[in-house]
Amino acid sequence: MLDENIKSQLKSYMGMLAQPIELVAHLDDSAKSAELRELLTEIELMSDKISLVEQPEGGERTPSFDIRRSGTDISVRFAGIPMGHEFTSLVLALLQVGGHPIKLDQAVIDQIKNLDGDYQFETFFSLSCQNCPDVVQALNTMSVINPRIRHVAIDGALFQNEVEARQIMSVPSLFLNGEPFWQGRAGVEELLSKLDTGAASRKAEELSKKDPYDVLIVGGGPAGAAAAIYAARKGIRTGIVAERFGGQVLDTMSIENFISVPETDGPKFAAALEQHVNVYDVDIMNVQRAEQLVPGKGLIEVKLENGGSLKGKTVILSTGARWRQINVPGEEEYRNAGVAYCPHCDGPLFKGKDVAVIGGGNSGVEAAIDLAGLVKHVTVIEFGDALRADAVLQRKLLSMNNVTIITSAQTTEIHGDGKKVTGLSYKDRLTDELKQIDLDGVFIQIGLVPNTEWLKDTVALSRFGEIEIDARGQTSIPGVFAAGDCTTVPFKQIIISAGDGAKAALSAFDHLIRTSVTETEDAVANEVVSA
């Protein structure tokens with residue numbers, strides 16, 4: 001089941017177990033149960049603190065297994081075989097249930113312990129989803145800290161009947177006590193903010209009491225992380241406020257063009273960014289959404305959605321971008337009910353079904369290629385008269401026998417039955433004829449839009465909503481700089497964002513020095529005049 005290298009690494013991790021654990025397996029005579037039995041047997045042999053117990057078929061889902069701390073009610077459950085992106089979730093669950101210290105701030109741990117109520121969580125994931133492990137690991141961690149929180153992580157591809165019965169068409173999908181609770185990536189702090197209704201106001205008060213920063217960075221993607229490192233290395237007070245640290249990188253499946261890193265994936269890259277930032281004295285304020293920029297003389301204020309506010313002598317805007325929507329009827333209504341933006345995450349849920357990809361650029365064609373290996377048929381819909389993807393990608397796409405390409409097509413509406421997508425309509429731009437396709441899913445891949453709506457009527461924006469900057473990263477407001485995909489920089493690439501973040505930090509530092517010198521000169525001049 002596991003290769004020798006992974007076995008060796010896992011065995012070393014199992015040596016960290018502080019308390020005995022039991023692997024309680026619910027199995028039958030299926031091939032998947034045999035596969036899970038093999039995996040659990042291999043894990044049992046890695047430590048004398050691990051024991052495997054098979055219970056008769058009749059568990060809620062088969063195959064599934066619990067990881068229990070012996071003699072306690074602390075446990076987590078996996079329904080399926082947590083390999084792929086979820087293998088890390090399995091390792092962490094084994095360690096945490098086995099008493100290995102949990103790496104969370106004590107204040108967060110106390111907040112989890114003090115949650116009042118009983119919570120039964122179910123998370124549906126896919127093994128190819130890079131967003132799912134954050135949710136699975138967050139809830140597993142919370143259930144170890146507070147046994148009144150129960151969690152089962154369910155492989156949607158393995159329990160397809162349940163996925164269809166619940167109309168799940170996007171992962172991660174999270175249910176609480178049988179009702180929909182959350183959709184998409186989330187960490188402990190995000191989930192806590194929804195469970196603990198008083199947390200937002202307490203956090204707002206806490207943030208508002210913070211002293212002004214020399215450099216306040218809004219956004220925690222590659223640009224924001226680089227800006228924080230360069231600013232902190234100058235020895236000045238630096239803070240990052242971010243809606244989610246890592247930003248759009250978290251949704252990137254594969255990164256192969258960041259110089260010196262031949263290959264990685266988005267979540268790993270984002271974790272490395274945060275780890276690097278934490279080397280320095282940077283105040284990271286995560287899961288906070290900026291709502292308003294208020295320029296001022298001496299200090300610039302950033303108001304937050306939760307009612308709190310932060311101040312900085314300089315501000316660097318690095319809010320990144322998000323998937324662009326096509327803005328047609330049905331898109332918002334059927335979002336996560338057949339309308340999707342991440343083929344890697346949600347593709348396995350459409351196995352054997354008909355889907356469309358809207359967009360014929362690199363991202364659209366790459367999505368179509370990935371989906372073609374999973375679904376029954378893929379229809380690529382491109383607005384222009386030809387695909388815009390690189391030639392090598394087009395050749396690969398054309399070699400696949402379950403793909404149809406439609407060009408000069410304008411999507412006009414996404415149809416559904418009130419619960420899920422059933423098809424779409426498009427206009428043939430050459431004949432103006434309106435046509436319809438029966439579908440089970442629509443993947444939208446038409447590029448990005450900058451996260452700058454909150455900045456309207458403050459900094460100057462381009463007609464595309466990008467923050468206008470000069471060669472130094474300076475915006476139209478003195479002391480306010482910007483970097484990354486939210487700006488007018490012509491190429492939206494991780495390495496360019498990181499470079500521009502460093503440049504913005506150096507420019508902000510230079511601004512602080514010059515402002516300080518000017519203020520000193522003015523003070524001296526006033527003293528001379530007074531004398």
Side-chain angles (χ1 to χ4, degrees), residues 124-132 156-157 163-164 167-173 183-185 248 250-254 266 321-384 387-389 393-394 396-398 400 402-407 409-416 419-426 435-449:
F124 286 84
F125 67 85
S126 68
L127 295 177
S128 60
C129 171
Q130 74 270 26
N131 293 323
C132 296
V163 165
E164 292 179 359
Q167 300 293 323
I168 297 169
M169 307 191 82
S170 180
V171 290
S173 284
Q183 188 75 51
R185 177 188 291 272
Q248 185 76 9
L250 290 167
D251 302 324
T252 303
M253 183 63 179
S254 178
R322 63 186 184 277
W323 293 115
R324 185 180 297 276
Q325 295 180 270
I326 54 176
N327 296 317
V328 300
E331 178 182 16
E332 196 60 37
E333 179 182 357
Y334 293 105
R335 187 184 182 99
N336 299 323
V339 174
Y341 300 85
C342 179
H344 306 294
C345 301
D346 301 331
L349 300 177
F350 294 86
K351 185 177 181 180
K353 298 181 178 180
D354 295 324
V355 303
V357 173
I358 299 177
N362 281 351
S363 60
V365 171
E366 286 175 349
I369 292 170
D370 288 341
L371 290 167
L374 294 169
V375 304
K376 179 181 178 183
H377 190 270
V378 181
T379 302
V380 178
I381 298 176
E382 163 59 27
F383 183 85
L387 297 179
R388 296 169 287 108
L393 294 175
Q394 292 193 43
K396 175 64 176 176
L397 185 68
L398 291 170
M400 311 186 92
N402 62 337
V403 175
T404 299
I405 300 169
I406 302 174
T407 57
Q410 180 181 358
T411 303
T412 57
E413 184 175 358
I414 296 173
H415 304 290
K419 294 182 178 179
K420 60 181 180 179
V421 166
T422 58
L424 65 74
S425 295
Y426 71 91
K435 300 181 180 181
Q436 186 168 331
I437 309 172
D438 292 333
L439 297 165
D440 299 294
V442 178
F443 289 81
I444 298 170
Q445 300 281 294
I446 58 170
L448 303 171
V449 59

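No hydrogens, no waters, no symmetry mates; every other heavy atom, side chains included, goes into these values.
- The CD atom of Gln445 lies 8.5 Å from the CG atom of Leu371; values are rounded to the nearest 0.5 Å.
- Not counting sequence neighbours, the partners of Asn362 by the side-chain hydrogen bond (donor to acceptor under 3.5 Å, both in side chains) test are Asp390.
- In terms of heavy atoms, Ala340 sits closest to Asp346 at CB-OD2, 3.5 Å.
- Using a distance-only test at 3.5 Å, with no hydrogens or angles considered, no donor-acceptor pair links the side chain of Gln167 to the main chain of Lys420.
- For Gln394, there are no side-chain hydrogen bond (donor to acceptor under 3.5 Å, both in side chains) partners, not counting sequence neighbours.
- Other residues, nucleotides and ligands contribute only 12 or fewer heavy atoms inside 6.0 Å of the NZ atom of Lys396.
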Legend entry - Steps toward side chain to side chain contact (heavy atoms under 4.5 Å, CB included) verdict (Asp440, Val375): CA-CA 10 Å; Asp440 299 294; Val375 304; over 6 Å; no
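- Ala372 and Val403 make their closest contact through CB-CG2, 3.9 Å (heavy atoms, listed as atom of the first residue, atom of the second, distance).
- Gln436 contributes no side-chain N or O that, together with a main-chain N or O of Tyr426, makes up a donor-acceptor pair within less than 3.5 Å.
- Residue pairs meeting the ring pair (Phe, Tyr, Trp, His ring centres under 6.0 Å) criterion with at least one partner in residues 350-376, sequence neighbours excluded, are Phe350-Phe443.
- Here the CD1-CD1 distance, from Ile326 to Ile358, works out to 3.5 Å after rounding to the nearest 0.5 Å.
- Applying the salt bridge (charged side-chain N to carboxylate O under 4.0 Å, His left out) rule to Arg324 yields no partners; only residues at least two apart in sequence or on another chain are considered.
- Rounding to the nearest 0.5 Å gives a distance of 10.5 Å between NZ of Lys376 and CG of Asn402.
- Within the structure, no pair that satisfies the salt bridge (charged side-chain N to carboxylate O under 4.0 Å, His left out) test touches residues 327-338, not counting sequence neighbours.
- The CD1 atom of Ile414 sits 11.5 Å away from atom CD1 of Ile437, with the distance rounded to the nearest 0.5 Å.
- Closest non-hydrogen pair, Tyr334 versus His415, comes out as CE1-C, 4.2 Å.
- For the residue pair Gly330 and Val339, the shortest heavy atom distance occurs at O-CG2, 4.2 Å.
- When the side chain to side chain contact (heavy atoms under 4.5 Å, CB included) test is applied to Pro172, the partners found at least two apart in sequence or on another chain are Thr123, Cys129, Asn131, Cys132, Val135.
- One distance of note links CD1 of Ile446 with CG of Asn327; it measures 7.5 Å at 0.5 Å rounding.
- Contacts of Arg388 classified as side-chain hydrogen bond (donor to acceptor under 3.5 Å, both in side chains), with partners at least two apart in sequence or in another chain: Glu382.
- Val163 and Gly156 make their closest contact through CG2-O, 3.4 Å (heavy atoms, listed as atom of the first residue, atom of the second, distance).
- By the side chain to side chain contact (heavy atoms under 4.5 Å, CB included) test, Leu398 is found to be paired with Ile405, residues two or more places apart in sequence or in another chain being considered.
- The shortest heavy-atom contact between Ser126 and Val171 is OG-CG2, 3.6 Å.
- Here the straight-line distance linking atom NZ of Lys353 with atom CG of Leu439 works out to 12.0 Å at 0.5 Å rounding.
- Considering only residues two or more places apart in sequence or on other chains, Asp354 meets the side-chain hydrogen bond (donor to acceptor under 3.5 Å, both in side chains) condition with none of them.
- Checked against side chain to side chain contact (heavy atoms under 4.5 Å, CB included), Asp370 has the following partners two or more places apart in sequence or in another chain: His344.
- Remark: Phe124 pairs with Phe175 by the ring pair (Phe, Tyr, Trp, His ring centres under 6.0 Å) rule, at least two apart or across chains.
- Under the side chain to side chain contact (heavy atoms under 4.5 Å, CB included) criterion, Leu127 pairs with Glu86, Phe125, Asp155, not counting sequence neighbours.
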